[in-house]
Amino acid sequence: MSTFPTAPEDPREWKIFPRNLTARAAYIVPGNSIVTRPEDGVDNCYPGLEMDAKNIQKMFFPGLYFEVYRQDGARLAGMKPASLAQRWIDLGLTPGDLQDNLFLWVMHGRNNDLDGAVQVTTFDFTGKQGLYAWRQINSLLPGDLSIAVGPNPPQGQSAFKDAKAAVEAGANKIERDSNGKLMFAAMSAQRLDYLNEQGVLAPEVYDPGDLTRTLCTPWTYDFRDCQCFYWASNKPDVISSEDGQYEYLNFQRKNRNVEPQTQDIAYGYNARRQREVDYAEIMGGWEQLRPVLNGREFGETYVPPEGPTGPIMTLEQIKDELTYLASVEHALAVQYLYAFYSVDVPWKEPEEKETLESFRLWHSARTVFDVAIDEMRHFRWANEILSLLGADTTAKRASTLGRTFKVPFYLQSLSSPQLQWFIDVERPSRSTVAGLDGMYVGILHSLQHLREDEIDPEVRRKAVEIVKLIVDEGEGHYVRFSTAQQNFAFYDHAGRGALPGYILSGEWSEATPNHNPDIPYDTLYGQPARAADAEGAALQADSDRHYQALLILLKIAFAIPEAQISSPALRKAISVMLKMNEVNLEMSAKGYTPLFTLPDGWELDPPVRSSAEASRLLERAHSLLVKPMMAKTLATPTPPPPHPDTGLGAAKAHDSSLSEILDAFSEAIAKSRFRE
Amino acid sequence: MAPRLRENYKLIESGVGHHVFATNGSRVFDIDTATADRVAALFSGGDLAQAQLFEQALGNDHRFIEPEAPEVPALRALSLNVAQACNLGCQYCYADEGLFGGKSRTMSVDIARASIDRLIAEAGPGADVVVGFMGGEPLLNRTVVHDATAYAAEQARRNGGRATFSITTNGTTVRDEDAKLFRDHRFMVTVSLDGKRALNDRLHPDHRGGGSYDRALAGLERILKDGGPAHVAARVTVTPGSGDLLEVLEHMISLGVGDAGFSPVQVSPKADLEFRHRDFDWFLEQMIRCGSAARDRLLRGERFPFSNFETALHEIHRGSHRPYPCGAGAAYLSVNADGALYGCHRLVDDDAWAMGNIADGLDETARTAHLDRRHVDRQEPCKSCWARYLCGGGCYHEVDRRGRQHCDYVRGWLSFCIAAYAELYTQAPDYFVSPNTYFEVGPAAAPIN
């Protein structure tokens, strides 16, 4: 290593070179790396898609512009800029000659050989594609450059030979036949620099849009070909009409009128392409593409829906509303879970060898299960908001669902009407008075209208965040249930009625008359039924004990105001839920239904406001869980769930024995300061 | 004055020039002679402003290691002390011939299986796990080693991951069926052997005082047969009387093992076999001799797998930096014959390192407290040592029993290795860049900087 006799005063000027990997990774290299040079871009994928690097070299020869995206060669497409083109006009090449389709025949210039040495080469482009010429042009070094252009193919061998000789001699020469038609033009100049002296792309050479015209942006023709199956695309392929009447419309259709898609468009590539705007149309008239939001096309201007309207609630009303909503989340979670148990699907995802049909069925059932888990989370979140607002938390279960539905809580198999009811419950509404999410929107709206002397802004901020999460997930539920409904429809086409063939037998398929006028169906299927035999009764009792213990533990955990104490406690409680799930799965497979019986006196059970009250509840959970039948599992950890993907988080976090759970709760109660 | 530079940087001279080692991120820089003079002057009392500019020049603008202890990671590796008993009576054995000061015990199949269940449950779905067999001499409980291996492989597979296996054995009782197990399950096998026959038999006698060399070699031969397991390492335990270590090393490597390395006896029931402070000067000298021999052979393109040296070289190249010496108590634990969990296989049955049991689970409080307490930035005198993130603070077992008497040795050895790294990387970069082909292609093809 060369060395100075003395190093400079300033350590920043010392010769310090990073050697090992961490030193090199942390070393800030001055300037940009060479891969940021435009000519290093890969075709039209120049970093960030700011421009198509190919367009730079289309202007490689001063005063001429070549089009290279062609099978038949690099075509002389224009003479510009005018200041540089003038000398070729003076030589005798006229813009009129270009109408005869002139192509780049031959080029003579300097580039590097494979070892990097400079060489002078003649390139013959006849019979080659435009992009082949472009690659050679791209490798050209600055300096003397001669080219010849002429019609394809050359008019006789001698014309090409003469042109090549002229190019290699660096001559400027125009040859025409007896009719005055151009045979070839040989021209000699310096290779055009695409950067000017300031190092920027020469503005006198490139017009605005020249470098981007072949990119995948709406005003460039590649946009048409970018589709979601091929490349991460910034445009949709299929959208639905503004009024929602037509679910599947081609976004790029030529006819902007809304009309249903015909079969040939759905299945035929050419038929579809013919009815789409073509390259030229998309470059010239991209504005005709309409804005699309949430998969739906809108008119020329997107008008956002009006904000929620409705009465503003007081803080006390908000608390009441949330208390009710928490109990609704509980009810829905149980309803969905119950419905999931009724479907005859394996717990594990079917192996590949099975049919698409069985996978669809499994996936749809699983959607119902996953949404049930989401509702349990909403149950928790609603309680978190209550806790934030200083209200009593709740683990109760609503007896009627929804202000508009007024449907009593009931449990039923996942019959077709039941799935429809799930979809209706989750359907998004833009109103604060309709639908389940509307009630949350109303809370959101009201929270935002409370004055600062009514609510601490920090509390409001946190509460609003949680409500937004619940609303957003609710919209997802609607879509997921709707998709599940479509997938269920693939099953058992012929025999599908109110009670599809995928419902388990036994109690799950039993019909009972519906006496409730608020449910618009005559018959219910698979209502909870007490088992007549000993095995079923034992399983049902086991399921109920777990459900009741779970509710008690949740009630305690919700009531703990300190998040750092309540969160770990809630995670412990999930162990009990996993155990309940196991029992329920076993029971369902045998044709019995879970009962989901609430603990005795649950509706009247007072809120937890002291550690004494919490301890009393915990004692109750203890006696439920530690029955003789359960004793054998007391000291052993929960076996890992039957499938790793329970949707309940990693098995590890919930792998607690009953004694661990109870101990953790009693510790949590001791540490917590309950709201008196 | 800028005294802290010495705590965070080390000036090193090698055969190819001068270097600065930056503790933060274990970064190695080259500097010219004039700069080296400047840096030396700065270390011995430059002004604060200049010290700051120097740090700026090295790009020392963020901490590679957070001062706070990281969250306790999920358990990924568990060693099973399947036989807390041994057929040899090694004079120096830290494990007290596997008894760890207690009675001879062997692990039952049930405990072994439950340990593996616990490991897999803790590691989480889809995780790869490592199962180690330790002792004592683990093969004294052959049935459990075989059963637990098959069981762990199957359970890990069901969990969507893979199990890899390691075993440390004295080799004397290896049977063909064991060798097949190691082969089939791609074991990492470590054989304890102390040198040529005379030395080995003196330090490694059986309980009747007889030699174990021939039996150990026969075992090693069995292990290496038919392609052998994934890796076989020879571990030489060094006592102050071990003699010429280069001779020992060459002997070990000649036996056909994948690598061979040394470990000094720091904790032994027999005090005269333990290293004392002054013994480390001798040990450093011996290690540098071995390291220099290895470096010269590597430069010639010859394999010479001296594990202490090669591990250090690659860690220095990567810039490994860690606030702990190893994964003990974190992602690695050890289980005793009764199912109790401890920080590592050397700390088995030590109450201070108890970390739960396989039935009730890990003691997260103890693991958190351990990581919190043993962060090297909180150790004395480690927190002001330039080598702290390469060393991690030293083996818990040795430090707890003997204190940090070997620090000068560690610094001396690492200084040598950093210099050797610079020499090798300059003259044979492919050894680091393409280690898989370096010995086939040879240094001739490697460009010289």
Side-chain angles (χ1 to χ4, degrees), chain A residues 1-30 348-349 568 571-572 575 578 633-664 667, chain B residues 16-22 24-39 42 46 50-62 64 74-75 117-118 120-127 158-160 316-321 359-361 418 421-422 425-426 432 449:
Chain A
M1 185 185 300
S2 66
T3 182
F4 293 121
T6 56
E9 275 303 311
D10 187 339
R12 288 170 299 181
E13 292 169 20
W14 291 353
K15 286 191 154 191
I16 297 173
F17 304 97
R19 180 181 273 273
N20 72 347
L21 299 185
T22 37
R24 277 190 265 159
Y27 184 68
I28 312 278
V29 181
K348 272 183 148 178
E349 184 174 336
R571 281 200 294 276
K572 288 283 181 201
S575 287
L578 288 175
T633 59
L634 186 63
T636 50
T638 314
H643 188 267
D645 175 25
T646 57
L648 301 171
K652 176 180 176 297
H654 310 300
D655 183 14
S656 303
S657 71
L658 293 176
S659 57
E660 269 176 29
I661 299 164
L662 295 169
D663 288 351
E667 222 170 276
Chain B
V16 293
H18 298 271
H19 316 277
V20 173
F21 174 82
N24 185 24
S26 296
R27 291 166 299 148
V28 180
F29 297 88
D30 296 344
I31 51 177
D32 65 353
T33 310
T35 305
D37 293 344
R38 287 278 195 184
V39 175
L42 201 54
Q50 221 182 5
Q52 278 168 351
L53 290 176
F54 170 69
E55 298 215 76
Q56 203 180 323
L58 292 177
N60 201 29
D61 54 358
H62 77 282
F64 281 74
L75 185 67
D117 289 341
R118 172 59 68 182
I120 289 170
E122 295 287 339
R158 284 186 186 194
N159 189 43
I316 291 165
H317 177 58
R318 285 198 307 272
S320 296
H321 45 279
D360 301 331
I418 293 168
Y421 161 68
Y425 192 37
T426 302
F432 296 99
N449 276 10

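Reckoned from all heavy atoms, side chains included, excluding hydrogens, waters and symmetry mates. Chain A is the first sequence line, chain B the second, and so forth, proteins listed ahead of strands; every chain is numbered from 1.
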| message | Given heavy-atom pairs under 4.5 angstrom as the criterion, report whether the side chain, backbone, both or neither of B:Phe64 touches chain A. | response | side chain

| said: Quick check on B:Ala422 against chain A: is it the side chain, the backbone, both or neither that has a heavy atom closer than 4.5 Å? | reply: both

| query | Do B:Val28 and B:Tyr425 pass the side chain to side chain contact (heavy atoms under 4.5 Å, CB included) test, and can you show the C-alpha distance, the side-chain angles, and the key distance before you say yes or no? | reply | CA-CA 12 Å; B:Val28 180; B:Tyr425 192 37; over 6 Å; no

| How are the rings of B:His317 and B:Phe432 set to each other: parallel, tilted or perpendicular (split at 30° and 60°)? | tilted

| query | Picking from B:Ser26, B:Gly59, B:Gly361, which has the most non-hydrogen pairs under 4.5 angstrom with chain A? | reply | B:Ser26

| At what distance, to the nearest 0.5 angstrom, does NZ of A:Lys572 lie from CG of A:Leu662? | 11.0 Å

| Measuring from B:Gln50:CD to A:Glu9:CD, what's the distance to the nearest 0.5 Å? | 6.0 Å

